[in-house]
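Values below: every heavy atom of this structure, side chains too, minus hydrogens, waters and symmetry copies. What you are looking at is a predicted structure, and each value in this text was computed from that prediction instead of being measured. All residue numbers in this chain count up from 1 along the given sequence.
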Amino acid sequence: MRKLCFNPKTPSFALARNSPSSPQSLVSCPTPPRLSFSEPTSFDEDSFMEEAEALILKWNPDSSAYAKVTSLFYQDKTEAKHYINCVNQLHQTMHSLLSHSPSSHKLILAHNLMQIAMKRLRKEFYQILSMNRAHLDPESVSARSSRTSANSSSSDYDDDFAAEDDDIRAAGDSISEVEQVSSGAMADLKLIADCMVSSGYAKECVSVYIIIRKSIIDEGIYRLGVEKMTSSRANKMDWEVLDLKIKNWLEAVRISVRTLFNGERILCDHVFSYSDSVRESCFAEISRDGASLLFGFPELVAKTKKSSPEKLFRVLDMHAVASELWPEIESIFSSDYNSAARTQFLTSLQRLTESAQFSLAEFESTIQKDYSKSAVNRGGVHSLTIQTMNYLTLLADYVNVLSDIFPRDWLPLPKSSSLPESYLYSPESDYSASTPALTVRFAWLILVLLCKLDGKAQHCKDVSLSYLFLANNLWYVVARVRSSSLQYVLGDDWITKHEAKAKRFVANYEKVAWGEVVSSLPVNPAVAEARTVFENFNLKFEEAYRKQNSFVVADRELRDEIKGSIARSVVPKYREWYNALLATVGSVRDLMVREYVTFTPEDIENYLANLFFFGTSSSSVSSSSVTSSPLRSWS
């Protein structure tokens, strides 16, 4: 291949105006030799201009086919350094000429050479950025920076290119080949950027950088699955689709901030360390669209009109991640040039806060507006209780996020309320001024639930059922609190008080439901009254059992406690009467006795053991049960 070289007989200032193919400027010659450039001890302006002209024109792609197809920085690192030094000295010479000889032809020559050099460096800058996209990916830059941050900073890089290149080779044993290439490319970019920015060509340099690196950020965010979305589109999405996008964002924002933006911040700080303003404005430009897209997504979600418990938990997830990342975002986007990104992020954080506050207020309203009657007819745990406690136990896992979202003065508890304070303990009276707002808020929401249940219980036709209903539901609430993070939010005092209240409901239920059965057995057995007592007991017991066995106690522990308590109240007194009668007549098989003694004490124990199993098999009843018992068909 034939090479082209500079013809020193051609006037230099004419070259800048002539076309690249001008016969005056180019002659056929062998591969151009390396042009040595060194600053003389006593500066010779004419000699320097000749050397600078030769070196700059050698690498002018418009006048040299060799320069057009060859990269200066890849072809010869030493000459690349000489080239940069030459351009820096040329810039100083131009300033000198401008001050003492503004009309000199040398100034025109220097200006033309500077434009050629800047064009060459701009091309080199573009080539290095383009060819090293894989090696200058944000993840590699971030990883490299984390290992070198302890002993270097963006302003600590050696200006001597050869020394830095030697350092990179020397470190080859400890860093990977990719990192070596990355370090070399970053050093080259910094060298070029320093030269161009100091020479007044920052705009030309930055424009190339923005084209390449902005596309990397935008592509990275796209690959992470975050896409531009309007508020209208978000509102029209099914919740399942939007939920997937939120989950994707939760992962994408962490990667973007800690790897993508952080890596670009490090690279930009290093390459443009010469000028703070250039560095900051450049990073702001390459990150603006990506940051706006990523940081604006939570605001879109918060503004959607979708109302569901699931939305609140996703909002809290987003708020937690956003709060976690804020210190890093504040650091990466710290300058005034990046104020829009910080503002967008803080706006989204505020919208998430408002959305969470609104959702919780709406949740309280939902409890108060519930009119369903499920479980009331049989005294079981109401669906409202289950849903509310599911909601609150999940919320309790977000206690740290909620503490930030709900300050103590947010939505203070009503001063006057229709809720019956005598029914349960008022949160305001239970807690002091130093009690965390979140504790008071959770206690209040449970109070709203329990008072709503109290209202439902008042519509029960049977008083014993209303007490059983309240006992079932309060017991369930306490059990859920005890087995979840709510125990740490509400405290042991709250659990103790409400457990005691549940037991009082149980006691009231037993008194109303089984009181007449117990009172039908006088304290001192008298055989003369046996017939009347047993007949009265049979009537009361069968009536109570028929009614109570249709009721529900879902919790095994509570069910066993109630059945055991009833048995302790009824069985001993019945056994006393039964034994007293047995001692008198000798056998219950006596025809006269069988007319009014329907149950043995063991029968009573067996029936009570199967209480609250309405609709199940009676096989668990002891075989000693009296065949004629009318209860056999109910058990």
Aromatic plane relationship, Phe125 with Tyr209 - under 30° parallel, 30 to 60° tilted, over 60° perpendicular: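 Taking Phe125 first and then Tyr209, their aromatic rings sit tilted (interplane angle of 30° to 60°).
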
Neighbour count >12 (heavy atoms, 6.0 Å) for atom CD, Glu251: no

Tyr222, OH: over 12 other non-hydrogen atoms inside 6.0 angstrom: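 No, OH of Tyr222 has 12 or fewer neighbouring heavy atoms, counting only those of other groups under 6.0 Å.
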
Evaluation steps, side-chain contact (heavy atoms from CB on, under 4.5 Å), between Met196 and Lys203: CA-CA 9 Å; Met196 293 187 72; Lys203 182 178 179 181; over 6 Å; no

Residues Asp188 and Lys77 bridged, charged N to O under 4.0 Å: yes

Asp336 atom CG, over 12 foreign heavy atoms within 6.0 Å: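 No, because the 6.0 Å sphere around CG of Asp336 holds 12 heavy atoms or fewer from other groups.
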
Contact check, side chains of Leu316 and Leu395, non-hydrogen atoms, under 4.5 Å: yes

Of all pairs that satisfy salt bridge (charged side-chain N to carboxylate O under 4.0 Å, His left out), the ones with a partner from residues 288-305, not counting sequence neighbours: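 Qualifying pairs, neighbours excluded: Lys214-Asp289, Glu285-Arg288, Glu299-Lys303, Glu299-Arg351.
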
Intermediate values then yes/no, salt bridge (charged side-chain N to carboxylate O under 4.0 Å, His left out), Glu124 and Arg120: CA-CA 6 Å; Glu124 293 288 330; Arg120 177 78 227 184; 2.5 Å; yes

Side chains of His270 and Leu189 in contact at under 4.5 Å (non-hydrogen atoms):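 No; the side chains remain at least 4.5 Å from each other.
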
Whether over 12 other heavy atoms sit under 6.0 Å from Lys119 NZ: no

Sidechain-backbone polar pair: Asn248 side chain, Gly225 backbone, donor-acceptor under 3.5 Å: yes

Partners passing side-chain hydrogen bond (donor to acceptor under 3.5 Å, both in side chains) against Asn88 (at least two apart in sequence or in another chain):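 Applying side-chain hydrogen bond (donor to acceptor under 3.5 Å, both in side chains) to Asn88 gives none.
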
Electrostatic pair Glu324-Arg258, nearest N-O below 4.0 angstrom: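 Yes, this pair counts.
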
Ion pair check, Glu219 and Arg223, cut-off under 4.0 Å: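 Looking at Glu219 and Arg223, the cut-off is met.
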
